[in-house]
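Structure first, commentary second.
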Amino acid sequence: MLHPFLRSKTDDQHQQLEKVFMDLLLQVKTAGDYEKLLKKMAGFLVPLEELLRQFPLQEFIPDISQRQRKHHLLADIAHFDPDWQPEQSAELPEINSTYQAMGALYVLEGSTLGGPIIARMVRQQTGIEKGLTYFESYGEDRKPMWTKFRDSLELPGLFQHKEIIASTAIACFMAYKQWLELKKQNQL
């Protein structure tokens with residue numbers, strides 16, 4: 001079973017990223033703070049999603065086009081800053097195969113599970129109601145979308161590449177954490 005394998009192999013890096021992200025999230029007190037956080041996130045997530053589009057992931061994830069969420073993130077940023085253009089982006093981990101792309105997608109799809117919690121925190125901390133579509137991108141379909149993704153991890157042919165998938169997921173967790181830490185130095 002690939003999902004339990006990935007979860008156990010990536011747990012430490014996932015927890016480290018979550019801690020850094022939560023530290024940043026707890027600093028969000030105004031709409032301006034939230035806008036800065038979204039821009040930080042975009043520096044990693046937008047180029048990663050663009051990179052993943054180069055791989056034939058529909059072979060394993062037939063609904064991959066529904067899982068592209070960068071437009072939600074960019075729309076949220078545009079709500080606060082319509083003219084924003086990224087100034088720089090993170091250095092991404094090496095992704096040169098569909099199996100490596102599946103490892104990166106595991107990180108992106110897993111992040112949808114906490115989205116509503118993050119949106120609720122932002123609302124409570126800032127009072128804003130708009131600009132939260134990235135975190136609520138699957139809406140009521142969040143759990144079914146995750147279940148479909150998790151089920152796709154069990155397709156024949158993926159488990160034999162479990163180490164490649166896991167190592168890329170680990171690399172993505174670490175690279176995102178490093179990006180957020182780097183950007184954290186420019187405090188909210």
Can I get a per-line list of side-chain donor-acceptor pairs under 3.5 Å for residues 78-87, giving both atom names and the distance, sequence neighbours left out?
residue, atom, partner, partner atom, Å
D81, OD1, D83, N, 3.4
D81, OD1, W84, N, 3.4
D81, OD2, K39, NZ, 2.8

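Within a 6.0 Å sphere centred on NZ of K143, other residues, nucleotides and ligands contribute 12 heavy atoms or fewer. Heavy atoms from other residues, nucleotides or ligands lying under 6.0 Å from CZ of R123 number more than 12. The 12-atom threshold is exceeded at CD of Q58, counting heavy atoms of other residues, nucleotides or ligands nearer than 6.0 Å.
Ring-centre distance between W179 and Y176: not below the 6.0 Å cut-off. Aromatic rings from Y99 and H161 are positioned such that their centres are separated by under 6.0 Å.
Taking both residues in full, the closest heavy atoms of S152 and I61 are given as OG-CD1, 2.9 Å, listed atom of the first, atom of the second, then distance. The two residues T168 and E94 make their nearest non-hydrogen contact at CG2-O, 4.3 Å.
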Determine, stepwise, if the pair F149 / D63 fulfils side chain to side chain contact (heavy atoms under 4.5 Å, CB included).
CA-CA 9 Å; F149 177 75; D63 63 352; over 6 Å; no
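Rounding to the nearest 0.5 Å gives a distance of 10.5 Å between CZ of F44 and OG of S89. Atom-to-atom distance recorded for L45:CG and K40:NZ is 13.5 Å, nearest 0.5 angstrom. For the atom pair CD1 (I118) and CD (E136), the distance works out to 10.5 Å, reported to the nearest 0.5 Å.
For the 3.5 Å distance criterion, the side chains of S137 and R69 qualify, holding a donor opposite an acceptor.
Using cut-offs of 30° and 60° for the angle between ring planes, the F173 and H14 rings count as tilted.
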